[in-house]
Amino acid sequence: MAKRGMLIVLSGPSGVGKGTVRKALFETGDTDFSYSISMTTRKPREGEVNGVDYYFVSKEEFEENIRNGEMLEYAKYVDNYYGTPLKYVNETLDQGKDVFLEIEVNGAMQVRANCPDAVFVFLTPPDLMELKHRLIGRGTDAMDVINKRIKKAVGEIRMMRNYDYAVVNDEVSNAVDRIQMIIRSERLRVTRVMPDYEQMIGDE
Ligand code: 5GP
């Protein structure tokens, strides 16, 4: 049986640039992990594609998935559900491939509880004003939504202490480099490498 893959969780306040960093990371082409596409009840933004950016579903469909135990984690965020379908993550990890999640902090804490050997990376804004400017600059949300998100961000930054690594998103390319460095190091952890050697030396 293949060694189970590693689960990498990128999280942090909304607007910090998780989506941008994640896309840049996958665009480098030298990623050998798979992205888990989230499910949401939020309406698609312009340019977003179903099955690429998210699986866009109705509230009823999402709640049905929760009831059937089909979500690894989920959270209600600014009046919408967001969550990670369990099946894809499990099947991919079982094939020995690493899986990458990009999720908000409450969901990340559920993953922490269920998958203690996952790697938790917290993306931080250089400062809160910068975060506000980015949310406004994105031009996709109304001002009251932005203020709601900023308030939430302050609480979210306090949650950094629950993570393994903190990556400042000062420049997207720097953040990508740091995340790649983390993943490379994590793959060298004795606890991840030892199973191969146990087979070799007959200590299974
Ligand atoms: P947005 O509406 O800007 O696409 O996403 C809002 C927030 O939901 C972001 O912080 C994003 O990272 C988070 N998010 C996206 N997918 C998931 C998911 O599957 N689970 C959880 N818990 N959060 C998610």
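Ligands are counted one by one from 1 in listed order, and the atoms in each one are counted from 1 as well.
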Does the Glu73 side chain pair with the main chain of Thr84, one donor and one acceptor, at a distance under 3.5 Å?
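Side chain of Glu73 to backbone of Thr84, a donor-acceptor pair under 3.5 Å: yes, one is there.
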With a 3.5 Å distance limit and no angle check, can you tell me whether Asp98 reaches the backbone of Gly5 through a side-chain donor-acceptor pair?
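Checked: no pair found.
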Looking only at non-hydrogen atoms, which of Ile103, Leu135, Asn80, Asp53 approaches atom 21 (C) of ligand 1 most closely?
Ile103
Can you tell which of Tyr81, Tyr82, Tyr55 gets a heavy atom nearest to atom 8 (O) of ligand 1?
Tyr82
Residue and atom name of the nearest protein heavy atom (relative to [atom]), distance in Å to one decimal:
{"atom": "atom 3 (O) of ligand 1", "result": "Arg45 NH2, 3.1 Å"}
{"atom": "atom 11 (C) of ligand 1", "result": "Glu102 OE2, 3.8 Å"}
{"atom": "atom 20 (N) of ligand 1", "result": "Glu73 OE2, 2.7 Å"}
{"atom": "atom 4 (O) of ligand 1", "result": "Tyr54 OH, 2.6 Å"}
{"atom": "atom 13 (C) of ligand 1", "result": "Glu104 N, 3.7 Å"}
{"atom": "atom 16 (N) of ligand 1", "result": "Ser38 OG, 3.0 Å"}

Report whether Val78 and Val16 are members of the same hydrophobic cluster (ILVMFWY, side-chain heavy atoms less than 4.5 Å apart, transitive linking).
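Shared cluster, no.
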What about Tyr82 and Val105, same hydrophobic cluster or not, with Ile/Leu/Val/Met/Phe/Trp/Tyr joined at side-chain heavy-atom distances under 4.5 Å?
no
Between [Y] and [X], is there a salt bridge with N-O shorter than 4.0 Å?
{"X": "Arg149", "Y": "Glu156", "result": "no"}
{"X": "Glu27", "Y": "Lys23", "result": "no"}
{"X": "Lys148", "Y": "Asp79", "result": "yes"}

Would you say ligand 1 has an N or O under 3.5 Å from any N or O of [X]?
{"X": "Tyr74", "answer": "no"}
{"X": "Glu48", "answer": "no"}
{"X": "Lys18", "answer": "yes"}
{"X": "Met39", "answer": "no"}

Indicate every side-chain donor-acceptor pair of residues 52-63 with a distance under 3.5 Å to a residue at least two apart or in another chain.
from	atom 1	to	atom 2	distance (Å)
Asp53	OD2	Val49	N	2.6
Ser58	OG	Glu61	N	3.1
Glu63	OE2	Tyr81	OH	2.8

Give me the one residue out of Met181, Arg187, Glu186 that meets side-chain contact (heavy atoms from CB on, under 4.5 Å) with Ile183.
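Checked Met181, Arg187, Glu186 against Ile183; only one passes side-chain contact (heavy atoms from CB on, under 4.5 Å): Arg187.
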Within-shell test, Arg149 vs ligand 1, heavy atom, strictly < 4.0 Å:
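So Arg149 counts as touching ligand 1.
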Judged by non-hydrogen atoms, does Gln110 sit under 4.0 Å from ligand 1?
no
Considering only heavy atoms of Thr84, which atoms of ligand 1 have at least one such atom less than 4.0 Å away?
19 (O)
Arg42 neighbourhood, listing ligand 1 atoms whose heavy-atom distance to it stays under 4.0 Å
1 (P), 2 (O), 4 (O)
Are Phe26 and Tyr35 close enough that their ring centers fall under 6.0 Å?
yes
Heavy-atom neighbours of Tyr74 OH exceed 12 at 6.0 Å:
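Counting neighbours around OH of Tyr74, 12 or fewer heavy atoms of other residues, nucleotides or ligands fall under 6.0 Å, so no.
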Which is it for Tyr77 and ligand 1 at heavy atoms under 4.0 Å: side chain, backbone, both or neither?
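The side chain, only.
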